[in-house]
Amino acid sequence: MTSTKLYRLKNSNESYQVNNNLLTEFENMKSRNGESLSPYSCKSYASKVNRVSILMTNKPYDDFKYFVNNIDNIIKKVNDSELKSKKDYFSAINKLLKSKNVSETVLDKYKQAMKIQKEKEQETRGENMATDTNVKKSQTAGNDLEDIQNKIKKYSILDNGKINDIKLINKLLVSFYFMNQQNFIPRNDLPEFKLVSITKSKKPLSDEFNYIVISPDKRPLKIIMKNYKTKSKYGTQSFKLSSYLEEILQTYLKEYNKIPNDFLFVDKHNKQFKHSNFSNLIENAMESILGSRIGIDLARQIVLSNLYNSSLMTINQKNELARAFLHSPEIAQEYVRVNLINKKENNKNI
């Protein structure tokens with residue numbers, strides 16, 4: 001019998017049964033450098049293939065041959081849909097079909113569709129692409145980030161002299177994105193974070209999780225990334241914590257009595273968060289502190305844009321900054337400073 005699980009489309013009350021074998025197929029594939037795909041990538045690819053299958057047939061993925069026999073219809077349907085980052089859906093289909101050794105003619109059609117969507121997305125970003133003038137601007141280009149950081153610092157986690165748990169979580173989440181600066185800035189990697197003692201961190205760690213290394217007195221020491229989107233490019237990475245993030249994180253660990261092997265964050269059922277639910281939690285925290293429902297990608301864009309535009313950077317500095325974001329320097333240079341805070345018209349579209 002085919003193994004299935006419940007699949008729910010974002011912003012929809014409809015649920016579908018998903019073929020778990022699809023996830024296994026991606027788990028058995030290799031990246032360009034010959035390594036296994038990261039768990040994050042496998043879930044992302046499987047989710048996108050399923051999403052397209054549901055878009056076309058109202059049923060989850062069943063057989064790769066459907067994507068071979070209905071190429072033009074699939075490309076048109078995806079192009080006409082409201083899906084975001086459409087090129088990523090074509091990329092997922094292409095990855096699946098390549099593993100099935102389908103003809104280059106089929107692969108080329110999806111590659112071309114992916115290329116067209118990539119060009120459209122770049123054109124959309126065109127007016128906001130970083131220019132030499134922007135990069136050479138003085139520290140005044142960093143006002144947005146400075147305003148955000150001041151709001152975070154002023155945000156109190158206390159109610160009547162006692163720590164408010166919700167406010168504490170809000171401040172910690174927003175600090176991960178805006179108070180760590182040129183150290184690690186997460187994507188939606190936080191649901192995979194677990195705690196590990198300094199002694200255990202010196203032994204092999206599971207590739208399924210990311211880790212906060214803590215001392216015996218629950219002082220956070222560093223971040224170890226093992227499960228993230230670009231793992232095949234960067235491998236296991238270790239990052240420092242800013243003093244500000246370290247302080248608020250230590251308060252959180254003590255307040256919630258967290259111990260090694262605990263997830264850093266858990267839902268109301270004391271289980272690991274689903275990514276969709278956690279993204280909503282982050283946006284709630286952003287709105288509570290900053291007044292805007294800033295999403296993960298936009299938060300990273302704001303930080304990176306301000307850092308790029310605030311001063312001239314050497315190639316090594318740019319490469320190190322790209323590592324902190326765990327993406328390529330080429331992608332990093334597409335970001336520019338974004339003015340969001342206190343711009344209500346913009347906030348409506350966030």
Side-chain angles (χ1 to χ4, degrees), residues 7 9-12 22-23 25-26 29 31-32 37-38 40-61 64-100 102-131 187-188 228-233 275-276 279 295-301 304-305 322 325-336 338 346 349-350:
Y7 178 82
L9 286 177
K10 188 175 181 180
N11 299 326
S12 172
L22 177 60
L23 181 59
E25 289 191 52
F26 282 109
M29 295 181 198
S31 65
R32 291 179 181 177
L37 297 174
S38 70
Y40 184 100
S41 295
C42 292
K43 291 177 183 177
S44 178
Y45 281 136
S47 173
K48 285 177 172 57
V49 170
N50 264 310
R51 186 72 177 272
V52 174
S53 181
I54 292 170
L55 182 68
M56 298 299 299
T57 67
N58 207 37
K59 295 179 181 179
Y61 169 81
F64 77 93
K65 293 178 182 177
Y66 180 84
F67 293 90
V68 176
N69 297 327
N70 298 277
I71 302 173
D72 292 338
N73 288 338
I74 291 172
I75 291 175
K76 184 178 187 308
K77 189 77 169 181
V78 172
N79 285 340
D80 292 343
S81 73
E82 295 183 358
L83 295 173
K84 295 181 179 180
S85 298
K86 294 172 184 176
K87 71 179 189 306
D88 295 335
Y89 290 85
F90 294 130
S91 175
I93 294 171
N94 193 69
K95 185 73 175 178
L96 174 67
L97 296 184
K98 190 173 182 180
S99 73
K100 303 297 184 181
V102 303
S103 71
E104 284 297 323
T105 301
V106 172
L107 296 177
D108 285 344
K109 285 192 174 183
Y110 283 113
K111 287 179 182 177
Q112 181 63 20
M114 182 168 54
K115 179 182 178 182
I116 291 172
Q117 283 299 329
K118 182 177 181 180
E119 290 174 350
K120 285 183 178 180
E121 290 177 20
Q122 289 176 337
E123 183 179 347
T124 300
R125 291 197 302 263
E127 294 180 0
N128 290 325
M129 296 283 277
T131 64
R187 283 189 175 92
N188 196 2
Y228 59 97
K229 185 176 181 180
T230 51
K231 173 191 173 183
S232 61
K233 176 178 176 62
H275 284 96
S276 57
S279 294
I296 293 167
D297 289 341
L298 193 51
R300 285 160 53 90
Q301 184 183 31
L304 186 57
S305 297
F325 281 75
L326 293 173
H327 62 202
S328 70
E330 291 78 13
I331 294 295
Q333 293 182 57
E334 293 184 2
Y335 286 97
V336 295
V338 177
N346 285 344
N349 299 317
I350 296 174

State whether the side chain of [X] and the backbone N or O of [Y] hold a donor-acceptor pair below 3.5 Å, judged by distance alone.
X: Tyr110; Y: Phe67; value: yes
X: Ser53; Y: Val49; value: no
X: Arg300; Y: Phe325; value: yes

Measure the [atom1]-[atom2] distance between [X] and [Y] for me, rounded to the nearest 0.5 Å.
X: Asn79; Y: Gln117; atom1: CG; atom2: CD; result: 4.5 Å
X: Asp297; Y: Arg187; atom1: CG; atom2: CZ; result: 8.0 Å
X: Ser99; Y: Asn94; atom1: OG; atom2: CG; result: 10.0 Å
X: Ile93; Y: Tyr61; atom1: CD1; atom2: OH; result: 11.0 Å
X: Leu22; Y: Phe64; atom1: CG; atom2: CZ; result: 12.5 Å
X: Ser44; Y: Asn188; atom1: OG; atom2: CG; result: 11.0 Å

If every non-hydrogen atom of [X] is compared with every non-hydrogen atom of [Y], which pair is closest and at what distance?
X: Glu25; Y: Lys100; value: OE1-NZ, 2.6 Å
X: Met114; Y: Ser91; value: SD-CB, 3.3 Å
X: Leu37; Y: Cys42; value: CB-SG, 3.7 Å
X: Lys109; Y: Asp72; value: NZ-OD1, 3.9 Å
X: Pro60; Y: Asn50; value: CB-OD1, 3.4 Å

Should the heavy atoms of other residues, nucleotides or ligands under 6.0 Å from NZ of Lys98 be counted, would the total exceed 12?
-> no
Apply the side-chain contact (heavy atoms from CB on, under 4.5 Å) test between Ile71 and each candidate in Ile75, Ile74, Asn69; give the one that qualifies.
-> Ile75
Within the 4.5 Å heavy-atom criterion, are [X] and [Y] side-chain neighbours or not?
X: Phe26; Y: Leu96; result: yes
X: Met56; Y: Tyr66; result: yes
X: Leu55; Y: Leu83; result: yes

Between Lys77 and Ser81, do the side chains contain an N or O donor and an N or O acceptor separated by less than 3.5 Å?
-> no
